[in-house]
Amino acid sequence: MGFSGWRANWLGRARDLGQGLSEDYFKKNNAPYLKWLLVGIAAFLLICSLIGWYWSQEPEPFSVVENARTKSGDNHSIVGVTTTTTLIRVTETLLDKRGGYLSNDIAPPGVWLDNIPSWEYGALTQARELAKAMEEAFSRSQSQSKDDADLVLAKSRLNYDHQSWLFPATESEYRDGIKHLQSYLDRLTDNDDFNAQFYSRADNLNYWLRVVETKLGSLSQRLSASVGRQQLNVDLAGDPAARQATPAPKDQEVKTSWLEIDDVFYEARGSSWALMHFLKAVEVDFADVLEKKNARVSVRQIIRELEGAQQPVRSPLILNGNGFGLWANHSLVMASYISRANAALIDLRELLAQG
């Protein structure tokens, strides 16, 4: 038997087997549950897709001033209240938005989503840094001041593993952190209790902005690396005596994996969303400092750039076209906003550092 005959023989057997299975399972109704199983799977996938789409909508911005009035009433004008209530609101948003907190989901459709979990991580990173700054700088009059117990615990809870789903779950730890922030806020607004303070000083603000600067710089580099580029090693530039632990190539390609491009994009969206609100709160609580340094316009420029990074994404996919190619590159557009915000932030820090 030649190859053509062998092939025709096996194709005939496969066809007969398929017809037999079709007749046995569908025409003769020996296994009607298979029909319903397939229908059930299709319905399940459709429902999960619709729920996933609904859960993937990013939270809307909110007014930090109105939020402070809602959470503290007549005490909203006390220094530190707007920043504290904004941090509480951002953390609450992570837990109470559509679908709740998704980064630690182990069941569909949450486990299939990656954009919103990346958004959550970006916002969480900024919340952690602000909580750290409040504990280490904003609540201290000097370097050897006593720790605020609630802020220490709040910082610890917000730094808990963001993907833990059991013993304890991430949500329970973050809600515990919110309780400690609320306790600090209650003491801050209690005129009869002087053991909670918030110091609005230029050096305190500069302490937090220095960390924010590094975070924005890292995001900008990761977004720009979506198309890949050759980069010279400048790690030791400017210091002839500098050394590093392990050698690195003088010229290397820096490129974000195509599997991570949308994750980095949405992490930047979440980070800029949270930072936008924190800077609006800082503009209120550090108003006198910014006015004295003539730096209020610098804060507003940073906020404007971050607001630009929140424009709606019209494309169903995060495209990664070439920088000057036919298709858009959403990462480079986002990098442009983040880079401009970071440049304005560097200028702001220089203003604050001046005498």
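Note that this is a predicted model, so its numbers are computed, not measured.
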* T86 backbone acceptor or donor facing K71 side chain under 3.5 Å -> no
* Check against salt bridge (Lys or Arg N to Asp or Glu O under 4.0 Å), D96 and R175 -> CA-CA 11 Å; D96 300 330; R175 290 198 187 279; 2.7 Å; yes
* Asked: Which is it for R222 and E267 under the side-chain contact (heavy atoms from CB on, under 4.5 Å) test, yes or no, and what are the steps along the way?
  -> CA-CA 11 Å; R222 292 164 63 198; E267 181 184 339; 3.0 Å; yes
* Asked: Taking T214 for the side chain and V211 for the main chain, is one N or O donor matched with an acceptor at less than 3.5 Å?
  -> yes
* State whether E283 and K280 are salt-bridged, where the test is any N-O pair (Lys NZ or Arg NE/NH1/NH2 against Asp/Glu carboxylate O) under 4.0 Å. => no
* Do other residues, nucleotides or ligands put more than 12 heavy atoms under 6.0 Å from D288 CG? -> no
* Just by distance, do the side chain of Y337 and the backbone of Q310 share a donor-acceptor pair under 3.5 Å? -> no
* Asked: Can E305 and Q301 be counted as having a side-chain donor-acceptor contact under 3.5 angstrom?
  -> yes
* Asked: Applying the 4.5 Å side-chain criterion to the ILVMFWY set and letting contacts propagate, would V111 and I41 be lumped into a single cluster?
  -> yes
* **Criterion side chain to side chain contact (heavy atoms under 4.5 Å, CB included) against T85, the qualifying member of T83, V81, L87** => V81
* Heavy-atom pair with the smallest gap, counting every atom of L317 and H330 -> O-CE1, 3.5 Å
* Over 60° means perpendicular and under 30° means parallel, so classify the ring planes of W273 and W119, tilted if in between. => tilted
* **Transitive ILVMFWY side-chain link W55 to L50, under 4.5 Å** => no
* To do: Starting from the C-alpha separation in whole Å, work towards a yes-or-no answer on side-chain contact (heavy atoms from CB on, under 4.5 Å) for S56 and N115.
  => CA-CA 7 Å; S56 294; N115 291 342; 5.7 Å; no
* To do: For R201 and S141, indicate whether the former's side chain and the latter's backbone hold a donor-acceptor pair under 3.5 Å.
  => yes
* To do: Please report the shortest heavy-atom distance between E92 and I178, naming the atom on each side.
  => CG-CD1, 3.6 Å
* Hey, is the main chain of S164 close enough, under 3.5 Å, to the side chain of T170 for a donor-acceptor pair? -> yes
* Asked: With sequence neighbours excluded, what pairs up with Y266 under the ring pair (Phe, Tyr, Trp, His ring centres under 6.0 Å) test?
  -> none
* To do: Spell out, yes or no, whether F62 and V284 are grouped together once hydrophobic residues are joined by side-chain heavy atoms under 4.5 Å, including indirect joins.
  => yes
* Asked: Which atom pair, heavy atoms only, marks the closest approach of L348 to L290?
  -> CD1-CD2, 4.3 Å
* Distance (rounded to the nearest 0.5 Å) between L219 CG and S339 OG -> 10.0 Å
* Give a yes or no on whether the backbone of N195 and the side-chain of R187 come within a donor-acceptor separation of less than 3.5 Å. => yes
* To do: Could you name each residue pair satisfying ring-ring contact (aromatic ring centres under 6.0 Å, His included) that touches residues 292-312, not counting sequence neighbours?
  => none
* **Minimal non-hydrogen separation, L332 against L223, with atom names** => CD2-O, 4.3 Å
* Just checking, any donor-acceptor pair under 3.5 angstrom between side chains of R340 and S336? -> yes
* Do V152 and Y207 belong together in a cluster built from hydrophobic side chains that touch within less than 4.5 Å? -> no
* What heavy-atom pair brings Q126 and S271 nearest, and what distance separates the two atoms? -> NE2-OG, 2.9 Å
* To do: Output yes when a side-chain donor or acceptor of T82 lies under 3.5 Å from a complementary backbone atom of A281, and no otherwise.
  => no
* Could you state the interatomic distance from CG (N159) to CG (L124), rounded to the nearest 0.5 Å? -> 8.0 Å
* To do: Begin with the C-alpha distance, continue with both residues' side-chain angles, and end with the deciding distance and a verdict on salt bridge (Lys or Arg N to Asp or Glu O under 4.0 Å) for E66 and R69.
  => CA-CA 5 Å; E66 290 301 322; R69 287 197 180 99; 3.0 Å; yes
* Please round to the nearest 0.5 Å and tell me the distance separating atom CD1 of I88 and atom OG1 of T93. => 11.5 Å
* Within 6.0 Å of CZ in R304, more than 12 heavy atoms from elsewhere -> no
* **From CA spacing to verdict: side-chain contact (heavy atoms from CB on, under 4.5 Å), Y160, D176** => CA-CA 11 Å; Y160 185 72; D176 196 24; over 6 Å; no
* Take W112 and C48 through the test side-chain contact (heavy atoms from CB on, under 4.5 Å) and record every step on the way to the result. => CA-CA 9 Å; W112 295 336; C48 285; 3.7 Å; yes
* Asked: So if you build clusters from Ile, Leu, Val, Met, Phe, Trp, Tyr with side-chain heavy-atom gaps below 4.5 Å, do L188 and V65 land together?
  -> yes
* Can you tell me which residue pairs pass the salt bridge (charged side-chain N to carboxylate O under 4.0 Å, His left out) test with a partner in residues 107-121, sequence neighbours excluded? => K97-E120
* Closest approach of Y184 and D150, non-hydrogen atoms and distance? -> N-OD2, 3.8 Å
* Could you please spell out the steps behind the side chain to side chain donor-acceptor pair (under 3.5 Å) verdict for D148 and S139? => CA-CA 7 Å; D148 187 286; S139 63; 5.7 Å; no
* Should we say atom OH of Y121 is surrounded by more than 12 heavy atoms from elsewhere, each under 6.0 Å from it? -> no
* Between the side chain of S49 and the main-chain N/O of L45, is any donor-acceptor distance below 3.5 Å? -> yes
* To do: For the pair E173 (side chain) and L158 (backbone), establish whether a donor and an acceptor sit closer than 3.5 Å, ignoring hydrogens and angles.
  => no
